[in-house]
Amino acid sequence: GLLAFATDSREPVRLAALLALRRRGSAEVAVFLRDEAPRLVLEAARAIHDQPIPASAPMLAAMAGDARLPEGAVRRAINANWQLGTVEAASRLAKIAATKDATEWVRLDALDALARWNDARQIDRLLTVFRTRQANPEAAGRELAAVLPALLAEDGSSVAAAAAMSAGALKLTEAGGMLAMAAKSAKDEKLRLAALQSLADCKFPDLVGLLEPAAADPSSKVRELARKISVNLRPESAAPQLAAVLDRGTIEEQQNAIATLALVKGTAADRLL
């Protein structure tokens, strides 16, 4: 059959066989994931992922950490794990995210897949088309929690900030202590922002205690986020806080304070406006 051409020395012949197998929806197309030609590896990944060919999805997913794959194939391999939604797939994504010598965008893509693990919308995160998916609801949170301490320790990297945001997206309440420490003492502004936002998303019980130091953070972005969270948690205290910003804040902070005041109900906010 067509599979006999998979070992042909001529690349165009192998490509023709691959495309014919794709048209048939044959799981045998997975053989070409190991082809020596990157072009054919990518075409095989496209066939399995985009067609799709579900029977071959686990084989594509298992290659997600292979640095030799072309970029398009890597993205499809990572997304194949998200599509499968199994404990094994979540574990594989977490390991990729925690691999320091992996390319940064690969690690970020794996974290994005974990963050969207429990997305109720049946929209494929790569192709943005409707695609039915069943995922183990606890798998991503459990696997991310196992590698989160190491990821947050990479203070100053985009990966650390993305890991903090992923923890918030998954409502990883058990990570509250780690995120609180990052929100207070991380050197990187992006990590402090991500940790504080994730704590708010997780409804961290001691969040109020973190807002005071965050409101005095050297970063205006962190201070602004702390004020917005405080307004949501304690609307009655919003007007005095925002009044102080209008008196002493930078122009940007004053602009943000006015925008926030527009969302606050009550006569005190009305008077300030």
For side-chain contact (heavy atoms from CB on, under 4.5 Å), just list the numbers for E28 and L2, CA-CA rounded to whole Å, side-chain angles, deciding distance to a tenth of an Å, and then say yes or no.
CA-CA 9 Å; E28 292 177 337; L2 289 169; 5.9 Å; no
The side-chain hydrogen bond (donor to acceptor under 3.5 Å, both in side chains) partners of D124 (sequence neighbours excluded) come to N79, Q83
Sequence neighbours excluded, the answer for salt bridge (Lys or Arg N to Asp or Glu O under 4.0 Å) partners of E104 is none
Query - L151 side chain reached by L144 side chain, heavy atoms, under 4.5 Å - result: yes
- Taking the side chain as every heavy atom from C-beta outward, state whether I48 and R76 have any pair of such atoms under 4.5 Å apart. no
task: Test side-chain contact (heavy atoms from CB on, under 4.5 Å) on F32 and V41 and set out the steps.
output: CA-CA 6 Å; F32 292 93; V41 174; over 6 Å; no
For residues 172-199, the salt bridge (Lys or Arg N to Asp or Glu O under 4.0 Å) pairs (sequence neighbours left out) are R192-D217
The reported gap from CG in L114 to OG in S91 (rounded to nearest 0.5 angstrom) is 10.0 Å
- prompt: Does L127 reach the side chain of R131, with side-chain heavy atoms less than 4.5 Å apart?
  reply: yes
> Does G209 offer a backbone N or O that forms a donor-acceptor pair with the side chain of D206 under 3.5 Å?
Replying inline: no
Applying a strict under-4.5 Å side-chain criterion to I, L, V, M, F, W and Y, I'd like to know whether L148 and M165 cluster together. no
Step by step, would you call T7 with R14 a side-chain contact (heavy atoms from CB on, under 4.5 Å)?
-> CA-CA 7 Å; T7 56; R14 300 200 306 277; over 6 Å; no
Here the gap from L170 atom CG to C202 atom SG, rounded to the nearest 0.5 Å, amounts to 8.5 Å
Worksheet item: Is any side-chain heavy atom of L93 less than 4.5 Å from a side-chain heavy atom of E88?
Response: no
- Task: Verify, without hydrogens or angle tests, whether S157 (side chain) and A160 (backbone) share a donor-acceptor contact under 3.5 angstrom.
- Result: yes
Quiz item: Considering only heavy atoms from C-beta outward, does the side chain of M63 approach that of V74 to under 4.5 Å?
Solution: no
Exceeds 12 heavy-atom contacts within 6.0 angstrom, atom NZ of K171
yes
Exercise for review: Spell out, as yes or no, whether a donor-acceptor pair under 3.5 Å connects the side chain of N136 to the backbone of G85.
Suggested key: no
* Find out if a path of hydrophobic residues (ILVMFWY) with successive side-chain heavy-atom gaps under 4.5 Å connects L126 to I123. => no
NZ of K203 to CG of D201, rounded to nearest 0.5 Å, is 8.0 Å
Legend entry - Within one Ile-Leu-Val-Met-Phe-Trp-Tyr cluster: L60 and L42, side-chain cutoff 4.5 Å: no
Sequence neighbours excluded, the answer for salt bridge (Lys or Arg N to Asp or Glu O under 4.0 Å) partners of R133 is none
Between A163 and L111 the two heavy atoms that sit nearest each other are N-CD1, 3.8 Å
Under 4.0 Å between a side-chain nitrogen and a carboxylate oxygen: does that hold for R39 and E43? no
- Please determine, by modelled atom types, if Q51 and R22 share a side-chain donor-acceptor pair under 3.5 angstrom. yes
Do the side chains of K221 and E224 get close enough for a salt bridge, i.e. N-O under 4.0 angstrom?
no
Quiz item: Is a salt bridge present between R125 and D112, judged by a nitrogen-to-oxygen distance below 4.0 Å?
Solution: yes
Across all chains, not counting sequence neighbours, the salt bridge (Lys or Arg N to Asp or Glu O under 4.0 Å) partners of R24 are none
In short, A89 meets L84 closest at the heavy-atom pair CB-CB, 4.4 Å
With side-chain contact (heavy atoms from CB on, under 4.5 Å) as the criterion, how do R34 and D66 come out once you've worked through the C-alpha distance, each side chain's angles and the decisive distance to 0.1 Å?
CA-CA 11 Å; R34 298 295 183 184; D66 192 335; 3.8 Å; yes
S166 and A115 have their tightest heavy-atom pair at OG-CB, 3.6 Å
Item checked: Joint cluster assignment, L210 & L152, ILVMFWY side-chain distance < 4.5 Å -> yes
Rounded to the nearest 0.5 angstrom, the CG-CD distance for L191 and E154 is 10.5 Å
Would you say Q134 has more than 12 foreign heavy atoms packed within less than 6.0 Å of its CD?
-> no
**Request:** Check whether any side-chain N or O of W117 sits under 3.5 Å from a backbone N or O of W82 as a donor-acceptor pair, and report yes or no.
**Result:** no
Heavy atoms of A45 and L33 approach each other most closely as N-CD2, 3.9 Å
Decide yes or no for W105 and R75: does some side-chain heavy atom of the first lie under 4.5 Å from some side-chain heavy atom of the second? yes
Heavy-atom nearest pair, A195 first then A183, reads CB-N, 3.7 Å
For A167 and L179 the tightest heavy-atom approach is CB-CD1, 4.2 Å
* To do: Spell out, yes or no, whether L199 and V208 are grouped together once hydrophobic residues are joined by side-chain heavy atoms under 4.5 Å, including indirect joins.
  => yes
Could you give the side-chain donor-acceptor pairs of residues 243-255 under 3.5 Å, partners two or more places apart or in another chain?
from, atom 1, to, atom 2, distance (Å)
T250, OG1, E253, N, 3.2
T250, OG1, E253, OE1, 3.4
E253, OE1, T250, N, 3.0
E253, OE2, R223, NE, 2.8
E253, OE2, R223, NH2, 2.6
Q254, NE2, L246, O, 3.0
Q254, NE2, G249, O, 3.4

Between the CG atom in L225 and the CG atom in L193, the distance rounded to the nearest 0.5 Å is 6.0 Å
#### Entry: Expected output: side-chain S198 to main-chain A194 donor-acceptor under 3.5 Å
yes
The reported gap from OG1 in T173 to CZ in F204 (rounded to nearest 0.5 angstrom) is 10.0 Å
Margin query: If we ignore hydrogens and angles and just use 3.5 Å, is the side chain of T99 paired with the main-chain N or O of A102 as donor and acceptor?
Written below: no
